[in-house]
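Accompanying notes for the structure given below.
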There are 2 protein chains.
Amino acid sequence: MSRKGAKVSIRDVAEEAQVSVATVSNVVRNRKNVSDAVRARVEEAINRLNYLPDRAAMQLREGRNRIIGVLVPSLDNPFFTALIACLEDRARKDGYDIIVASAGEDSELASSRLKALLSWRPAGMIVLPNDDLFADASFLDAAGVPYVVIDRLPHSCNADTIAVDNEQAATEAAAYLVGLGHRRLLVVATTLSLANIRERCAGITAFCVQAGLPVPTVLEVGHHAEEGPEVLTEMLTGSEAPTAIIALTNSITLGALRCLHQSGCAVPGDVSLVGYDDYAWMRATHPPITAISQPVDALGAQAWSRLMHRIAGESTAPMQVRLSCTLVVRGSTAPPRTGEFS
Amino acid sequence: MSRKGAKVSIRDVAEEAQVSVATVSNVVRNRKNVSDAVRARVEEAINRLNYLPDRAAMQLREGRNRIIGVLVPSLDNPFFTALIACLEDRARKDGYDIIVASAGEDSELASSRLKALLSWRPAGMIVLPNDDLFADASFLDAAGVPYVVIDRLPHSCNADTIAVDNEQAATEAAAYLVGLGHRRLLVVATTLSLANIRERCAGITAFCVQAGLPVPTVLEVGHHAEEGPEVLTEMLTGSEAPTAIIALTNSITLGALRCLHQSGCAVPGDVSLVGYDDYAWMRATHPPITAISQPVDALGAQAWSRLMHRIAGESTAPMQVRLSCTLVVRGSTAPPRTGEFS
DNA sequence: TCTTTGCGGTTAAACGTTTAACCGATTGAG
DNA sequence: CTCAATCGGTTAAACGTTTAACCGCAAAGA
């Protein structure tokens, strides 16, 4: 056992094993033929000293190594953390380490976090921008780091992107509700300044227009709506209360559910609810929540493999991938109570 | 704008600004007096070239720098991710970066992840061991890296620890239920091989014994119980069905709730439920869940500040901190239906 | 006028690796 | 017997920083 606090380097191992540092390096990276006797001596020394190679030194020497930077808006949202869990798993299997930074909703902070990640000289980056501009893309381009953008696609983007087919998903939900007989839909969103949210709205609106129905009201309640926004409660108790709600986000789903209970609306008796994302708790409520399930694992897996290809040197044109969501029907949706077909 | 892919080093900046590398270093770290003219020239060059200092090189030079390694059992559990979110926030404020690794439930993997973290030469580590042995503690000691252990305390530990007062929390929950009139309690746990879970059980058992009640049954259902374990469903429909359930984990709370709904038990009509941890979804269910709320932020904050003190050189004896939980009473608990007092 | 001090900048060593180049000794082919 | 090739190992340079030591020069104190 080495003495406490001693940072042991390859040099110490070399000395202990009576060989040169190059030989130690060769045995740990097994690059050249090393005689069994010497190899044994070196490994012995490594174990005795608890030697661990220094990643910073490796990285410095090799120019760029097996780090992937991951930038997400927040670590409080299960959608993001599920994605990270997926990426971390892939990374480990491919021998990479990921470094995660959360950017919050402040684009100033996002920039600084991005630079912090870049200063690790990562082999690649996976980014979930927190706005549609993603002005920092130019920074990534300039740095020459391969990257792929997930979920929130910038306006103009010449990078690989992996996202969900928001329009399809939302359309499917709307079609299902209308098929049940609902006419007064309410859409609850975080903010329309995000393209993916706009796409979801667009899908619903387009469907309604096509079906000859009035375009549904869209309520913007911001990012912190878990507690159930008052404006939604008011709307539920009004005379023109909707018979069905589509929540466009997991936090909104939570908030909407809360409002429904607070205002005494029965689900699905008085109002049907379709949630976004599909988490364990949605299966545990009573009734369980009908939800638009995003393929989180597939999202992560595709992003990862795309990035690996780029790192390997693939230089084809950027790819824009869209994955489709599935509507999981559960107990929170039913035909509207009275036969009030318009 | 620099040409694509060019990794620009301090040397390039020096050349561009017609100064020595030392001067560039001095201006970015502003250590010595640099004339305004030169400073401007250098900053100009930095911006023109998009220069970012190389962390690996810094780290190598400085021996050990501002990285904290964080090791958690999983990234799928909101308790862990909430903790990470909290730590990341502190880290950013104190100018540190955190590197997160998840160890799974395999202690083999945990070891290898720990070593991977250590090879970054972090200034400190925050560890949530995935078993009570935490055999790798010796490795950390040998490496001389300050560390603090959160939540799952090893059997014998001469390190700083921050945990929750599991016994107090569980006792409080049991007392509350017994106070409501419940006599047949059921405790649902992941596994008794974890000390914190055992402590929770112990609290409940001790209280019941003291109150002259039979010791409650304890059900072990493993870590993946979100879907609602069959054995629990059976127990709920039996003749000796409990009138109240204490779930010792957030995932168990989910699983228990699911079982209750599946077997048609009304909550709290037929059975009362006390959950563990306090997440947004528990406030959105109908009824909202009475829960033992762990002070996640305080846990993270204390761990962080403890670690900072150690890094700063504090060499007092290791501290064992226990934080208390609070029972948040909501709608999922009520007196038992019939007046069946033993 | 001579010495000191401080300012503004440069030089060079060091951090822990990897790896191309090298080298002596043994082996095998011709 | 000679030359080449292979084997098993070493030497030294390089990666991008930081920082102690140094240096020329101008201002100030004696």
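So you know, we letter chains A, B, ... as the sequences are listed, proteins then strands, and number each from 1.
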Subject >> Residue closer to the 5' end of DNA chain C, B/E62 versus B/V38 (nearest nucleotide) >> reply: B/V38

Original post:
Checking all strands, does A/R55 fall into the base, sugar-phosphate, or nothing category for heavy-atom contacts under 4.0 angstrom?
Top reply: nothing

Subject >> N/O (side chain, A/T23) to phosphate O (OP1/OP2, D/dG8) under 4.0 Å >> reply: no

Original post:
Do the side chain of A/N130 and the main chain of A/P73 share a donor and acceptor less than 3.5 angstrom apart?
Top reply: no

Subject >> Test item: B/Q59 side-chain N/O and B/W120 main-chain N/O as donor-acceptor pair under 3.5 Å >> reply: yes

Original post:
What is the nucleic acid contact for B/R29, judged by heavy atoms within less than 4.0 Å: base, sugar-phosphate only, or nothing?
Top reply: sugar-phosphate

Original post:
Is there a donor-acceptor contact under 3.5 Å from the side chain of A/R92 to the main chain of A/Y96?
Top reply: no

Original post:
How do B/N26 and B/L60 order along DNA chain D: which one's closest nucleotide is nearer the 5' end?
Top reply: B/L60

**OP:** Indicate, with a heavy-atom threshold strictly under 4.0 Å, whether B/S35 touches base, sugar-phosphate, or nothing.
**Re:** sugar-phosphate

**OP:** State which of D/dT17, C/dT17, D/dT10 makes the closest approach to the side chain of B/I10.
**Re:** D/dT17

Original post:
With sugar-phosphate meaning primed atoms plus P, OP1 and OP2, does A/S9 contact a base, only sugar-phosphate, or nothing at under 4.0 Å between heavy atoms?
Top reply: sugar-phosphate

Subject >> Rounded distance in Å - CE (A/M58) to C1' (C/dC15) >> reply: 15 Å

**OP:** Find the distance A/L52:CG to C/dG16:P and express it as a whole number of Å.
**Re:** 14 Å

**OP:** Could you please name the option among C/dG16, D/dA12, D/dG16 that lies closest to any side-chain atom of A/V21?
**Re:** D/dA12

**OP:** Answer yes or no: does a side-chain N or O of A/R41 lie under 4.0 Å from OP1 or OP2 of D/dG8?
**Re:** no

**OP:** Just compare C/dT11, C/dG16, D/dT10 and give me whichever is closest to any side-chain atom of A/A57.
**Re:** C/dG16

Original post:
How many Å lie between NZ on B/K7 and P on D/dA14, as a whole number?
Top reply: 17 Å

Subject >> A/A22 side-chain proximity, nearest of C/dT17, C/dT11, C/dT19 >> reply: C/dT19

**OP:** Taking the side chain as every heavy atom from C-beta outward, state whether A/L307 and A/D160 have any atom pair closer than 4.5 Å.
**Re:** no

**OP:** Identify which nucleotide among D/dT11, D/dT17, C/dT10 has an atom closest to any side-chain atom of B/D54, counting heavy atoms from C-beta outward.
**Re:** D/dT17

**OP:** Would you kindly give the CD-to-C1' distance between B/Q59 and C/dG16, to the nearest whole Å?
**Re:** 11 Å

Original post:
Ignoring hydrogens and geometry, is there a side-chain-to-backbone donor-acceptor pair from B/R113 to B/A103 under 3.5 Å?
Top reply: no

**OP:** Take the protein atom CH2 of B/W120 and the nucleotide atom C1' of C/dG16, then report the distance between them rounded to whole Å.
**Re:** 14 Å

Original post:
Hey, is the side chain of B/R31 poking within less than 4.0 Å of OP1 or OP2 on C/dG8, counting only N and O atoms?
Top reply: no

Original post:
Between the main-chain N or O of B/A17 and the side-chain N or O of B/R41, is there a donor-acceptor pair closer than 3.5 Å?
Top reply: yes

Original post:
Checking all strands, does A/R121 fall into the base, sugar-phosphate, or nothing category for heavy-atom contacts under 4.0 angstrom?
Top reply: sugar-phosphate

Original post:
Which whole-number value in Å describes the distance from A/N30 CG to C/dT19 P?
Top reply: 12 Å

Original post:
Taking the side chain of A/N33 as heavy atoms from C-beta outward, which of C/dG16, D/dT17, D/dG8 is closest to it?
Top reply: D/dG8

